[in-house]
Amino acid sequence: MKKKIMALVLSAVMTGALITGCGSAASESGAGEAADESAAGENAAENNGESADESADDSEGGTLRVGTNAAFPPFEFVGDDGNPDGFDMALIKAVGEKIGYDVEIQDMEFDSLVSSIGSKIDVAIAGMTVTEERQKMVDFSDSYYEAVQAVIVPKDSAIATAADLENKKIGVQLGTTGEFIADEIAGVEVSAYNKAVDAVNDLNNGRVDCVIVDKNPAEVFGAQFPDKVTVLPGTDFDFEPEFYAIALPKGNTDLADKINSALKELKEDGTYDSLVAEYIEE
Ligand code: ARG
């Protein structure tokens with residue numbers, strides 16, 4: 001499984017390098033990435049048009065329209081069959097099964113997930129960190145994973161502590177906690193990309209000095225370029241722990257209760273641990 005993820009990511013990295021060529025910040029590369037509208041789930045075709053009747057508000061079950069950003073391995077990535085795969089995808093399908101909903105995945109920009117909840121999608125699972133800012137717009141399920149930001153640097157980099165990040169060029173994924181952290185550092189020039197892997201490509205091209213991204217994707221990206229980059233742990237930079245949760249429509253306590261009970265059951269029955277072993281653990 002691990003190897004599979006690596007192979008997929010490597011091909012994504014290489015494709016990214018070929019397509020973007022000279023590297024591109026989010027503002028330039030946005031156009032080609034607007035896969036927002038196309039439902040990528042297996043059930044997408046059958047379920048088109050039914051979402052209004054069978055949305056997550058329907059207590060009898062139906063279709064749960066789930067948004068993600070499938071460029072964040074090992075939590076979500078595009079699988080061999082072209083559909084989103086990864087830990088989050090497996091987890092939300094298991095949740096759907098428990099609560100009697102068909103899960104329809106929509107792959108979209110990370111930055112539009114929160115604002116799409118309640119319109120295009122019912123919920124989002126995307127390695128999304130619970131933040132106060134997001135909680136103004138959406139509710140969150142119980143947390144299902146603890147993470148922290150990491151820093152990817154070139155092998156010869158002198159960056160080692162929080163102070164070293166000052167006045168640097170930092171690559172991040174647009175709209176992520178990595179970007180929010182980078183924005184607070186003195187004197188930095190932040191380049192925000194639609195995909196974290198594009199930031200890593202620009203690191204390898206020398207256009208940024210480091211990339212701030214969540215630790216598990218950082219490790220996956222770092223493993224693709226073992227001769228070029230090093231992944232430094234967030235603790236070296238005093239980064240706070242972050243908690244991933246499923247983003248939910250505000251005030252829908254019925255759906256929240258169902259999803260939280262399902263998460264609890266999946267932890268108790270061993271499904272959660274086996275998914276961690278399959279997708280995340282080394
Ligand atoms: N945990 C970070 C955040 O919530 C990054 C998540 C990025 N996820 C993704 N699927 N691209 O901001």
Side-chain angles (χ1 to χ4, degrees), residues 5 8-9 12-13 16 25-26 29-30 33-36 40-41 66-79 83-92 105-117 120-121 123-152 170-184 190-201 211-222 231 233-234 237 239-248 279-280:
I5 294 174
L8 284 163
V9 172
V13 170
S29 64
E33 311 235 355
D36 302 24
V66 176
T68 196
N69 171 249
F72 196 69
F75 296 99
E76 42 267 339
F77 51 88
V78 177
N83 288 319
D85 193 2
F87 178 84
D88 285 348
M89 303 299 96
L91 184 65
I92 197 67
I105 310 281
Q106 297 192 28
D107 188 9
M108 47 206 293
E109 299 299 334
F110 182 78
D111 201 30
S112 15
L113 287 170
V114 164
S115 61
S116 300
I117 290 173
K120 278 193 214 166
I121 53 173
V123 304
I125 185 164
M128 189 182 287
T129 303
V130 178
T131 69
E132 277 179 23
E133 209 53 39
R134 290 172 182 156
Q135 278 172 321
K136 290 178 189 158
M137 295 178 70
V138 292
D139 288 341
F140 282 97
S141 71
D142 293 338
S143 172
Y144 64 87
Y145 195 78
E146 181 179 336
V148 65
Q149 298 299 300
V151 181
I152 311 178
I170 303 182
V172 295
Q173 184 182 9
L174 183 69
T176 63
T177 45
E179 177 176 33
F180 309 149
I181 288 175
D183 282 342
E184 297 298 310
V190 178
S191 298
Y193 304 79
N194 279 320
K195 294 180 177 175
V197 70
D198 291 332
V200 179
N201 284 326
V211 172
I212 302 183
V213 66
D214 304 49
K215 69 167 179 179
N216 302 89
E219 279 160 15
V220 174
F221 297 137
V231 178
F237 300 87
F239 293 154
E240 301 284 333
E242 299 187 13
F243 298 91
Y244 293 169
I246 303 167
L248 307 168
Y279 288 99
I280 301 177

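Just so you know, ligand 1 is whichever comes first in the structure, and atom 1 is the first atom listed for that ligand.
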A.B. asks: Looking only at distances, can you tell me whether any N or O atom of R134, backbone or side chain, sits closer than 3.5 Å to an N or O atom of ligand 1?
C.D. replies: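 Min N/O separation from ligand 1 is below 3.5 Å for R134.
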
A.B. asks: Any idea which atoms of ligand 1 are less than 4.0 Å away from a heavy-atom of E76?
C.D. replies: 10 (N)

A.B. asks: What protein heavy atom lies closest to atom 6 (C) of ligand 1? Include the residue and the distance to one decimal.
C.D. replies: G127 O, 3.3 Å

A.B. asks: How far is atom 11 (N) of ligand 1 from the closest protein heavy atom, and which atom is that?
C.D. replies: N69 OD1, 2.7 Å

A.B. asks: Classify the side-chain pair Y279/D88 by whether it contains a donor and acceptor separated by less than 3.5 Å.
C.D. replies: no

A.B. asks: Provide the closest heavy-atom pair for Y244 versus S143 in the form atom of the first, atom of the second, distance.
C.D. replies: O-OG, 2.9 Å

A.B. asks: Given D214, which of Q173, E219, Q149 fulfils the side chain to side chain contact (heavy atoms under 4.5 Å, CB included) condition?
C.D. replies: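 Option passing the side chain to side chain contact (heavy atoms under 4.5 Å, CB included) with D214: Q149.
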
A.B. asks: For ligand 1, which atoms sit closer than 4.0 Å to a heavy atom of D214?
C.D. replies: 1 (N), 2 (C), 5 (C)

A.B. asks: Is it true that, when you exclude E184 itself, more than 12 heavy atoms of the residues, nucleotides or ligands shown sit nearer than 6.0 Å to its CD?
C.D. replies: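 Not buried by this count: 12 neighbours or fewer within 6.0 Å.
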
A.B. asks: Tell me which protein heavy atom sits closest to atom 8 (N) of ligand 1, plus the residue, atom name and distance to 0.1 Å.
C.D. replies: A126 O, 2.8 Å

A.B. asks: Of the backbone atoms (N, CA, C, O) and the side-chain heavy atoms from C-beta on, which set of Y244 has a member under 4.0 Å from an atom of ligand 1: side chain, backbone, both, or neither?
C.D. replies: side chain

A.B. asks: Just so I know, are the side chains of D111 and E179 near enough to count as touching, which here means a heavy-atom distance under 4.5 Å?
C.D. replies: no

A.B. asks: Does the N or O separation between A71 and ligand 1 drop below 3.5 Å for any pair?
C.D. replies: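 So ligand 1 has no N or O lying under 3.5 Å from an N or O of A71.
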
A.B. asks: Return a yes/no value for T176: is any of its N or O atoms, backbone included, closer than 3.5 angstrom to an N or O of ligand 1?
C.D. replies: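 No, T176 has no N/O under 3.5 Å of an N/O on ligand 1.
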
A.B. asks: Quick check against the 3.5 Å criterion: does R134 have a side-chain atom that pairs as donor or acceptor with the backbone of T129?
C.D. replies: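 Present.
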
A.B. asks: Between K215 and ligand 1, find which residue part has any heavy-atom pair under 4.0 Å and reply side chain, backbone, both or neither.
C.D. replies: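 It is neither; nothing of K215 touches ligand 1.
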
A.B. asks: For the residue pair Y145 and F75, is the inter-centroid distance of their aromatic rings smaller than 6.0 Å?
C.D. replies: yes

